[in-house]
**Q** 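Dropping the structure in here first, questions after.
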Amino acid sequence: MIPEAASSVYAQILDIVASVEPRIAEATRKELADQRASLKLIASENYASLPILLAMGTWLSDKYAEGTVGHRFYAGCANIDTVESVAAEHAEALFGADHAYVQPHSGIDANLVAYWAILAHRIESPALKRLEAATVNDLAEDDWETLRREFNAQKVMGMSLDAGGHLTHGFRHNISGKMFEQHSYGTNPVTGLIDYDALRAAAREFKPLIIVAGYSAYPRRINFRIMREIADEVGATLFVDMAHFAGLVAGKVFTGEENPVPYADVVASTTHKSLRGPRGGFVLATKEYAPAVDKGCPMVLGGPLGHVMAAKAVAFAEARTVAFQEYAVKVAENAKALAEGLLKRGVRLVTGGTDNHLLLLDVSGFALTGRQAESALLESGVVTNRNSIPRDPNGAWYTSGIRIGTPALTTRGFDEADFDQVADLITEVLKNTTPASTPKGPSKAKYVLADGVADRVKARAQELLADSPLYPGLQL
Ligand code: PLP
C-alpha cells in the first residue's frame, strides 16, 4: 500500500531535483509515465516497491566503505556496517545460505567476484600466497609470472549463448571468454532441454575447473542435484548464476533439486529481475568459499554502494514475506497461462512451453526475424526483446526469437486471464507483420505492419493496464 502522503513527497522531491537540473526531473517523471503505459514483457525487468526505491535515495550514498563489515579501509563506517550486515542477514535467511556478500553493483560484477573467488580458492598457488604476504619491497617478478601462468586459461564450462546462457558464462564479448578456456553445453536439438548425459560426457572430456549453471533465456528449470553430481565427478566447482530466477528460489517455487543453494559452491545473482529489488547483485557462498568471496572489493569491485545495499536489505526483507511467495507462485502460473495462450494461437515456443518465468518464442514460423518481431511489437505498445534461439540461423543480431517474461506485469497484478489476452495481442501483431522487401530480397530488419493493427493492439493493451495500475495511489 502506498501512503497518501507519498504523492506530495515525490512531487516535492522532483521539484528539489528540478531546481538544479529540470531535465532530470522531467525524464524521471516521463519514465514513470512510459512504464505505466507499456505492456512490459521484458523477462529481466520488474517494478521495485516504493520502500526499496526510497531506501536508495539517501546520503548512505556519500560514504566510502571499501572492505568488509568491521574491516574497512575507511574510518566512520559504523552505519554502512549496519546496512551491509542487515542485508546479508536477510539474504542468508532468505536463501538458507552459509554466507551472503551483498556488495556487487550488478550481476556481471557478482559473477566476476565469484570467478575470482573460485580461482583464488581452487588454485593452490604458493606464488599467490607469497605475493599476498609480501611487502612492497620484496615483491618478486618471478612470482607474478608464475601467478599469471597458473591463473591463465583455466577451464570453464557454461551454457551456450544460443541455448540461453549469459555472456558472462565464458563468451568472447565478455572478459570471462578472454580469461578462461571455454567449452559450452547446449540443449537437445529435439526437446530443447538441457541434455545432462551429453553435459556429463563433455565435462568428463573437457575437465573444467568451473561448471556454470544458470541462464538468461532458457524457459525451464535446472536439476542442480545432477549438476552437483557432474561437478563432483570431474572435480569442478559448481557455480550457479541465478540472476534470472532468484525470485523463484526466494519465493519457494524452486525447491528441492531445483533450488541451487544447497548444491552449489557459489551462487551469484542480480537483485532486480524476478527478485524485484534495486539494480544490483550479490553472491552466496559455502563456508569454504566465503573468505575468497569477501575479497570482492577491492579485488574486482569499487567501493560498496551503501544506499543500494540499504535497498537490497529492504528487498530481501520483502522477499521473506508470504506475500512475496504468493507473487512468485503467480509469476510461474502466469507464465504457463501465457504459454498456453500462445500455443493455442499457433505460436511456436522453444521447448514447447515454460516452467519458470520466461518464454522464448520462435518467430521464424511467421517468416520474421526476432528483430522485426521486436520492432512491430514495440510499435504496438508491447515491450519485449529479441533473442537467439538454439542453433539460430539468423545469428545473435537479427535472431529468430523473442524472449518474454511475466515478473513485471505480475507485480502490476495481471492474472492468467490477462495473460491470455496478452497472448492474443502478441499473436495479432505477429500474424499481421511481414518482412519489407528490398532489391536483395526480404529485409531482416524492416517490416510492414498491417494498417490499424498497432492502434488496435495499443488500445487493448491500455485497457488491460488500466485495470492493474502501476504504483496505484501515487499521483504523479
Ligand atoms: N547473469 C545473468 C544470467 C543475466 O541474465 C544477467 C543480465 O541480463 C546478468 C548476469 C548481468 O546482470 P547485470 O546487467 O546486472 O550486470
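Each ligand, and each atom within it, is numbered from 1 in the order the structure gives.
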**Q** Tell me which protein heavy atom sits closest to atom 14 (O) of ligand 1, plus the residue, atom name and distance to 0.1 Å.
**A** His272 NE2, 4.6 Å
**Q** Considering non-hydrogen atoms of the protein only, which is the closest contact for atom 15 (O) of ligand 1, and what is the distance?
**A**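 Looking only at protein heavy atoms, the one closest to atom 15 (O) of ligand 1 is Gly107 N, 2.8 Å.
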**Q** May I have the step-by-step check of ring-ring contact (aromatic ring centres under 6.0 Å, His included) for Phe239 and Tyr115, ending in yes or no?
**A** CA-CA 9 Å; Phe239 165 41; Tyr115 283 135; 5.3 Å; yes
**Q** What residue and heavy atom of the protein are closest to atom 6 (C) of ligand 1, and at what distance?
**A**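 The protein heavy atom lying closest is His166 NE2, 3.2 Å.
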**Q** Considering only non-hydrogen protein atoms, determine which one is nearest to atom 1 (N) of ligand 1 and report residue, atom name and distance to 0.1 Å.
**A**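 It is Asp241 OD2, 2.7 Å.
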**Q** Any atoms of ligand 1 less than 4.0 Å from a non-hydrogen atom of His244? List them with their elements.
**A** 5 (O)
**Q** With distance as the sole criterion, is a donor-acceptor pair present between the side chains of Tyr101 and Gln103 under 3.5 Å?
**A** yes
**Q** Backbone, side chain, both or neither: what part of Ile108 comes under 4.0 angstrom of ligand 1, heavy atoms only?
**A** both
**Q** Regarding Lys155 and the six-membered ring of Phe206, is the cationic atom NZ or CZ under 6.0 Å from the ring centre and inside 45° of its axis?
**A** yes
**Q** Provide, to 0.1 Å, the distance between atom 8 (O) of ligand 1 and the closest protein heavy atom, together with that atom's residue and name.
**A**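 Going atom by atom, the protein heavy atom closest to atom 8 (O) of ligand 1 ends up being Lys273 NZ, 2.7 Å.
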**Q** Need the ligand 1 atom indices (1-based, order shown) with element for anything under 4.0 Å from a heavy-atom of Tyr215.
**A**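 Counting from 1, the qualifying ligand atoms are 3 (C).
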**Q** Looking at ligand 1, does any of its N/O atoms fall within less than 3.5 Å of an N/O of Ala243?
**A**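 No, no N or O pair falls under 3.5 Å.
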**Q** When you measure from the side chain of Thr168 to the backbone of Asn111, do you find a donor-acceptor pair of N or O atoms at a distance under 3.5 Å?
**A** no
**Q** In sequence, state the C-alpha distance, the side-chain angles, and the governing distance for Phe224 and Phe254, and then conclude on ring-ring contact (aromatic ring centres under 6.0 Å, His included).
**A** CA-CA 11 Å; Phe224 294 106; Phe254 290 3; 8.1 Å; no
**Q** What orientation do Tyr327 and Phe324 show, parallel under 30°, tilted 30 to 60°, or perpendicular over 60°?
**A**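 Ring orientation, 0 to 90° scale: tilted.
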**Q** Considering all protein heavy atoms, does one lie under 4.0 Å from atom 12 (O) of ligand 1?
**A** yes
**Q** Regarding ligand 1, does His169 bring an N or O atom to under 3.5 Å of one of the ligand's N or O atoms?
**A**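 Between His169 and ligand 1 (N or O atoms, distance only) the closest approach is not under 3.5 Å.
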**Q** Can you find an N/O atom of Ser216 closer than 3.5 Å to an N/O atom of ligand 1?
**A** yes
**Q** Does Arg276 make a cation-pi contact with Tyr47 (under 6.0 Å, within 45 degrees of the axis)?
**A**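 Pair Arg276/Tyr47 does not count as cation-pi.
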**Q** Any donor-acceptor pair under 3.5 Å linking the side-chain atoms of Thr351 with those of Tyr218?
**A**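 Thr351 and Tyr218 do not have a side-chain donor-acceptor pair below 3.5 Å.
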**Q** If the plane angle is over 60° it's perpendicular, under 30° parallel, otherwise tilted; pick one for Phe316 and Phe282.
**A**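 Judged by the thresholds at 30° and 60°, the geometry between Phe316 and Phe282 is perpendicular.
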**Q** With heavy-atom distances below 4.0 Å as the criterion, list the atoms of ligand 1 near Thr270.
**A**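 Counting from 1, the qualifying ligand atoms are 12 (O), 15 (O).
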